[in-house]
Number of protein chains: 2
Amino acid sequence: MDAKLDSKTNILAAAARLFHLQGYHATGLNQILKESGAPKGSLYYYFPNGKEQLATEAIEQMSERIYVEIKNSLNNFPTLKEGIQFYIEKLAQKFDKIDELESMPIGLLASETSLISEPLRNTCLRSYQKWEDLYYQKLIENHFDSKDASHISVMITCLIEGAITRSLVSHNGNPLREVRISLNKLIEEK
Amino acid sequence: MDAKLDSKTNILAAAARLFHLQGYHATGLNQILKESGAPKGSLYYYFPNGKEQLATEAIEQMSERIYVEIKNSLNNFPTLKEGIQFYIEKLAQKFDKIDELESMPIGLLASETSLISEPLRNTCLRSYQKWEDLYYQKLIENHFDSKDASHISVMITCLIEGAITRSLVSHNGNPLREVRISLNKLIEEK
DNA sequence: GTCTATAGAATGATAGAC
DNA sequence: GTCTATCATTCTATAGAC
């Protein structure tokens, strides 16, 4: 039973890593299978809808991982302002050593697939909304009104995704740090 | 002579459109040729370094087009604050009718290629820096000090790129409009 | 149920005819 | 110089052996 589960787990783990690092179209099923050690038949046994299903589940897994990471970051501090600073600094550090980068949020996959696959677009949309809800709830706790809270939540997603792209091109986490500073101005204490 | 130039021009125009809409790996050379009407031999005659060279020149062309668009937007207004609002609103409108979208800035290509091609990464980096220099110069004109101006310039790039991704996933330009509002707060008058 | 072998199409690239 | 025909490779997906 463990072996069975491991096969599916291994395929999904390899897929998640490669999809988020290289993108949807740059990642072949053969590469995923080679890295996971599983044969091709297993992939279509566990993921009968092929590449699209594999990508959907990979995004969901990554989404959940980031959700937990954000949640933990926010829980360490009384305000969103402080928590988000901590989270972004951790993110920035990943981009300083670009060679060791082994995962990043879903922006690349979202951009690649939003125009060609409704299931993948919806998965990405739900991910963003789940993260934004974490920000939103924390802002409500911090006595922001609902309208401001929901505005700032979307802003944070945009800022982080854009800064990730910009950091990737710069080969360092400095753009993320610029964003971190700006968020201080954007999230005014109530 | 016109025919010669047209062949190269047509290939590049089709490539620029498809690369920016679909991404680097999702766009095949055959698709580019089919859309441009040119035969495959011509592509390798005009772009001997193949797909990578074609993408480089496509990004440079798109970069220049956006540069002019930003420049014109800023020239219409006395302050960066007002000019950038105008530019972003124009951008947002493109995402409201997602089916008619026929080009968007370079974020997707940048994310796809920054880890696998130094020439493409450098082309993207130069594009971002050229746009940021427009913002920077306008801010200096508006009497911002150099440090603030350079910080805000990078911020704007990150915000716009992130909001484009977010708008793509939402299938409307609202995230871009949220960003537009926030920029009012982030660019404080001096 | 697990996996091998392969189909069928598309990819980027090239050689060589005209 | 311009373009056609084809290369080897890789892609996703499937049929069928065990």
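Just so it is clear, the model here is predicted, and its values are computed rather than measured. In what follows, every chain begins at residue 1, and chains take the letters A, B, ... in the order their sequences are listed.
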Under a 4.0 Å heavy-atom cutoff, the residues of residues 109-119 of chain A touching DNA chain D are none

Contacting residues from residues 54-62 of chain B, given that a heavy atom lies under 4.0 angstrom of DNA chain D: none

How long is the line joining [atom1] of [X] and [atom2] of [N], in whole Å?
X	N	atom1	atom2	result
A:Tyr46	C:dC3	OH	C1'	11 Å
B:Lys34	C:dT11	NZ	P	10 Å
A:Leu43	D:dC11	CG	P	13 Å
A:Lys8	C:dT2	NZ	P	12 Å
B:Leu33	C:dA10	CG	P	15 Å

Could you list the residues that satisfy side chain to side chain contact (heavy atoms under 4.5 Å, CB included) with B:Asn184, not counting sequence neighbours? B:Lys81, B:Gln85

So which pairs with a foot in [range] pass ring-ring contact (aromatic ring centres under 6.0 Å, His included), sequence neighbours left out?
range	value
residues 14-42 of chain A	A:Phe19-A:Tyr24
residues 65-104 of chain A	A:Phe77-A:Phe86
residues 103-129 of chain A	A:Tyr128-A:Trp131

Those residues at least two apart in sequence (or on a different chain) that pass ring-ring contact (aromatic ring centres under 6.0 Å, His included) with A:Tyr135 are none

[X]: what forms a salt bridge (Lys or Arg N to Asp or Glu O under 4.0 Å) with it, not counting sequence neighbours?
X	result
B:Glu118	B:Arg121
A:Glu57	none
A:Lys90	none

Under a 4.0 Å N-O cut-off, is there an ion pair linking A:Lys94 with A:Glu89? no

Answer yes when B:Arg126 and B:Asp133 have at least one side-chain N-carboxylate O distance shorter than 4.0 Å, and no when they do not. no

How would you summarise protein contacts on nucleotides 12-18 of chain D per nucleotide, using B for base, S for sugar-phosphate only and - for none, with heavy-atom distances below 4.0 Å? BBB----

With sequence neighbours left out, which residue pairs that include part of residues 23-34 of chain A fulfil the salt bridge (Lys or Arg N to Asp or Glu O under 4.0 Å) condition? none

Taking OP1 and OP2 of D:dC3, is either one under 4.0 Å from a side-chain nitrogen or oxygen of B:Ser42? yes

